2 protein chains.
Amino acid sequence: MADSDVIDRFTAFLRDRRLPITQQRLAIAAILLRAHGHMSADDVAATLAADGQKVGLATVYRTLDLLVSCGLAEQRDFGEGFKRYEPMHAQPNHYHLTCTVCGAVAEFFDERIPDIIRRTAAARGFVPGQHRLLVRGTCRACRKTPSVLDRRPM
Amino acid sequence: MADSDVIDRFTAFLRDRRLPITQQRLAIAAILLRAHGHMSADDVAATLAADGQKVGLATVYRTLDLLVSCGLAEQRDFGEGFKRYEPMHAQPNHYHLTCTVCGAVAEFFDERIPDIIRRTAAARGFVPGQHRLLVRGTCRACRKTPSVLDRRPM
DNA sequence: TTTTGTGCAAACAATTTGCATGAGA
DNA sequence: TCTCATGCAAATTGTTTGCACAAAA
């Protein structure tokens, strides 16, 4: 639950691999893991900069990779032309509703979906791994602006 | 059904907008629309080149955009770092099973999924537009190689 | 003959990499 | 002190754009 808990998991991971526990790594982990949204590498760097810490973008990318490797974060692609990183303390398996007007991302889960996938896959001899479901649309707040800007890849 | 049918729709679209019907446009449309898979811009250019026709990559991109605009193709992002284009003569709404070993893409559809989405969205005041479901895993043929290469964005 | 397209090369944006220097253990 | 990380700048990759020339209407 506590932030420090997650940071501890990260430091344990680093120690385990005999990798230095640097200020930058801790700062980046703190920013991403404390965030509720889905941040881009740039978002992380900007937050860091706003905080007075200047960390190179390359370091941000490298550290985000580490967080992904140890399972504390996941890379996401919403088809925006860049990637976002999602902290993994949330539900392990969930789907996304993204608003094409304001960019807000809401999450939901329905266990019927993995079930449908399991059956469909089994019927074709396909062994399913991860899956994702992305729904684009308009959130309650933006309802008035239906958004025709939906020519992005799915 | 016939290829020429789809090409006709494309030429009609061009004529309608008073846009020139060029050899390159016809060649690109023919290649993409005849394809069963999901091709990248590079794939299209390579096929064209193998055919003796040399068309600039920029033209390929521009024409693929046109095909998307007129609804004959859709842009897809499988998280590979580049985009693919899918001809739209197939089922209008379907989901993807992609093999992380060989890259094969299979399609399926299950009407319970749009249903679940409609209900979930309604419950939150979200107006759903398009949605997509992507399942990664291992296809029957590649079953023996479970693929640990799954650190790509979802 | 007047659009609009095409090809090429340069421009771009996100991400990665090489390398000299600096910080952790 | 030895290893590995960092920062910067250069390199890479997919895609887009500007512009002189060429093809379609």
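Owing to the predicted nature of the structure, the values given are computational and were not obtained by experimental measurement. In what follows, chains carry the letters A, B, and so on, assigned in the order in which the sequence lines appear, proteins first and then strands, with residues in each chain numbered from 1.
Every pair tested for salt bridge (charged side-chain N to carboxylate O under 4.0 Å, His left out) that includes a residue from residues 12-26 of chain A fails, sequence neighbours excluded, so the list is empty. The ring-ring contact (aromatic ring centres under 6.0 Å, His included) contacts involving residues 43-78 of chain A comprise H38(A)-F78(A), F78(A)-H96(A), where partners must be two or more places apart or lie in separate chains. Within the structure, salt bridge (charged side-chain N to carboxylate O under 4.0 Å, His left out) contacts touching residues 37-49 of chain B (residues at least two apart or in different chains) are D43(B)-R84(B).
By the side-chain contact (heavy atoms from CB on, under 4.5 Å) test, D51(A) pairs with Q53(A), sequence neighbours left out. Applying the side-chain hydrogen bond (donor to acceptor under 3.5 Å, both in side chains) test to D115(A) and every residue at least two apart in sequence or in another chain returns R119(A). Scored by the side-chain hydrogen bond (donor to acceptor under 3.5 Å, both in side chains) test, Q75(A) finds Y85(A) as partners (sequence neighbours excluded). For the side-chain contact (heavy atoms from CB on, under 4.5 Å) test, residues two or more places apart in sequence or in another chain that qualify with R62(A) are A58(A), T59(A). In this structure R112(A) satisfies the side-chain hydrogen bond (donor to acceptor under 3.5 Å, both in side chains) test together with D110(A), sequence neighbours excluded.
Neither side chain, Y95(A) nor H131(B), offers a donor N or O lying under 3.5 Å from an acceptor on the other.
Of all nucleotides in DNA chain D, those with any atom nearer than 4.0 Å to a heavy atom of chain B start and finish, going 5' to 3', at dG14(D) to dA25(D).
Near DNA chain D, defined here as any heavy-atom distance below 4.0 Å, the residues from residues 46-54 of chain A are K54(A), listed numerically. Near DNA chain D, meaning a heavy atom under 4.0 Å away, the residues from residues 19-28 of chain A are L19(A), P20(A), T22(A), Q24(A), R25(A).
Looking at heavy atoms from C-beta onward, R76(B) lies out of side-chain contact with K83(B) at the 4.5 angstrom threshold. Looking at L133(A) and I117(B), their side chains come closer than 4.5 Å, going by heavy atoms from C-beta outward. The closest side-chain heavy-atom distance from L97(B) to L134(B) is not below 4.5 Å.
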Please tabulate, one pair per line, each protein N/O and nucleotide N/O from nucleotides 14-18 of chain C that are separated by under 3.5 Å, including the distance.
| unit_1 | atom_1 | unit_2 | atom_2 | d |
| --- | --- | --- | --- | --- |
| dT15(C) | OP1 | K83(A) | N | 2.7 |
| dT15(C) | OP2 | Y61(A) | OH | 2.2 |
| dT15(C) | O5' | Y61(A) | OH | 3.1 |

